Amino acid sequence: MGWFKDLWDGKAKEAETGFAQVTDQSFAELVLTAEKPVLLFLWSGTCPYCRKMVPNVKNVLQRNRERIVGVHANATEVPAVAEALDLRGVPATVFFLKGKVVEHLAGFVPEERLEQAIEKLLQVQAP
């Protein structure tokens, strides 16, 4: 996990932002059955664009931590999740609502685009 863990400062930041690490085993619990909308960030330790995108995801999640749950995973460590999502590359940001994929953003995404996706997700969620 190396640089990714360093950027997030381990468990302290996870608790502060709600940005938990997902495994194949915890995916259903953390993503599919979540009460709130979920942002899943998939990355790889060898991906320079993933590293560049971490601050964007972090900033967006900090601003929206009351409204959305953030989770992440190294794509190579979650083969079942990657297969289920038909993952073709990283970084990938997938938005879920009530266990269903609502939007899938491939590649590097600026903060503004992440914010737009969250707003769209929250509008879909509203009754």
Side-chain angles (χ1 to χ4, degrees):
M1 189 161 7
W3 59 265
F4 195 84
K5 183 175 182 182
D6 293 343
L7 284 172
W8 283 93
D9 196 18
K11 295 287 183 189
K13 288 293 184 184
E14 180 179 313
E16 178 183 312
T17 63
F19 198 58
Q21 183 171 359
V22 169
T23 64
D24 281 337
Q25 295 74 30
S26 67
F27 180 74
E29 177 188 348
L30 294 174
V31 177
L32 300 181
T33 62
E35 297 285 324
K36 292 181 182 179
V38 177
L39 177 157
L40 168 62
F41 179 61
L42 294 152
W43 54 275
S44 168
T46 60
C47 168
Y49 294 105
C50 297
R51 177 185 276 253
K52 186 176 177 185
M53 194 166 152
V54 167
N56 293 356
V57 175
K58 177 182 172 183
N59 292 338
V60 166
L61 286 175
Q62 286 177 331
R63 285 193 298 271
N64 292 282
R65 69 175 157 232
E66 299 298 321
R67 307 183 319 152
I68 191 166
V69 173
V71 295
H72 71 89
N74 182 330
T76 60
E77 295 175 359
V78 290
V81 171
E83 184 178 337
L85 295 174
D86 194 26
L87 187 66
R88 306 225 181 235
V90 290
T93 310
V94 186
F95 295 88
F96 292 83
L97 183 59
K98 298 180 182 173
K100 306 269 191 244
V101 174
V102 176
E103 188 162 1
H104 183 135
L105 302 174
F108 177 83
V109 180
E111 280 186 50
E112 297 79 25
R113 180 64 183 99
L114 292 171
E115 289 282 1
Q116 290 170 355
I118 289 171
E119 291 305 319
K120 179 180 170 183
L121 181 65
L122 293 170
Q123 287 175 1
V124 170
Q125 179 190 25

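Worth knowing before you read on, the calculation uses all heavy atoms, side chains too, and leaves out hydrogens, waters and symmetry mates. Model, not experiment: these values are computed from the prediction.
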message: Run the side chain to side chain contact (heavy atoms under 4.5 Å, CB included) test on Leu42 and Val78 for me, step by step, so that the C-alpha distance in whole Å, both residues' side-chain angles and the decisive distance to 0.1 Å come before the verdict.
response: CA-CA 9 Å; Leu42 294 152; Val78 290; 4.2 Å; yes
message: Quick check: closest heavy atoms across Val38 and Val31, and the distance to 0.1 Å?
response: CG2-O, 3.9 Å
query: Taking atom CG of Asn64 and atom CG of Leu39, what is their separation to the nearest 0.5 Å?
result: 9.5 Å
query: Hey, does the side chain of Thr33 reach the backbone of Glu29 with a donor-acceptor pair shorter than 3.5 angstrom?
result: yes
query: Which heavy atom in Ile68 sits nearest to a heavy atom in Ile118, and how many Å separate them?
result: CD1-CG1, 3.9 Å
query: To the nearest 0.5 Å, how far apart are CE in Met53 and NZ in Lys58?
result: 15.0 Å
field: Side-chain touch Glu77/Thr23, heavy atoms, less than 4.5 angstrom
entry: no
message: To the nearest 0.5 Å, what is the distance between CZ on Arg113 and CD on Gln116?
response: 5.5 Å
query: Is any side-chain heavy atom of Phe19 closer than 4.5 Å to a side-chain heavy atom of His72?
result: yes
field: Candidates Val54, Val22, Val71, Leu61 - the one meeting side-chain contact (heavy atoms from CB on, under 4.5 Å) with Phe41
entry: Val54
- request: Please name the pair of heavy atoms, one in Leu97 and one in Pro37, separated by the smallest distance, quoted to 0.1 Å.
  value: CD1-CG, 3.9 Å
task: Look up atom OG1 in Thr93 and atom CD in Glu103, then write down how far apart they are to the nearest 0.5 Å.
output: 9.5 Å
- request: Heavy atoms only: give me the nearest Pro91-Phe108 pair and the separation to one decimal.
  value: CG-N, 3.8 Å
statement: All heavy atoms of Asn74 vs all of Ser44, minimum pair found to be OD1-CA, 4.0 Å
- request: Please examine the side chains of Arg67 and Glu119, heavy atoms only from C-beta on, and report whether any two atoms are closer than 4.5 Å.
  value: yes
field: Val90 to Ala75 - nearest heavy-atom pair and separation
entry: CG1-CB, 3.7 Å
- prompt: To the nearest 0.5 Å, how far apart are CG in Leu30 and CG in Leu40?
  reply: 10.0 Å
- line: So CG of Leu122 and CZ of Phe95: to nearest 0.5 Å the spacing works out to 10.0 Å
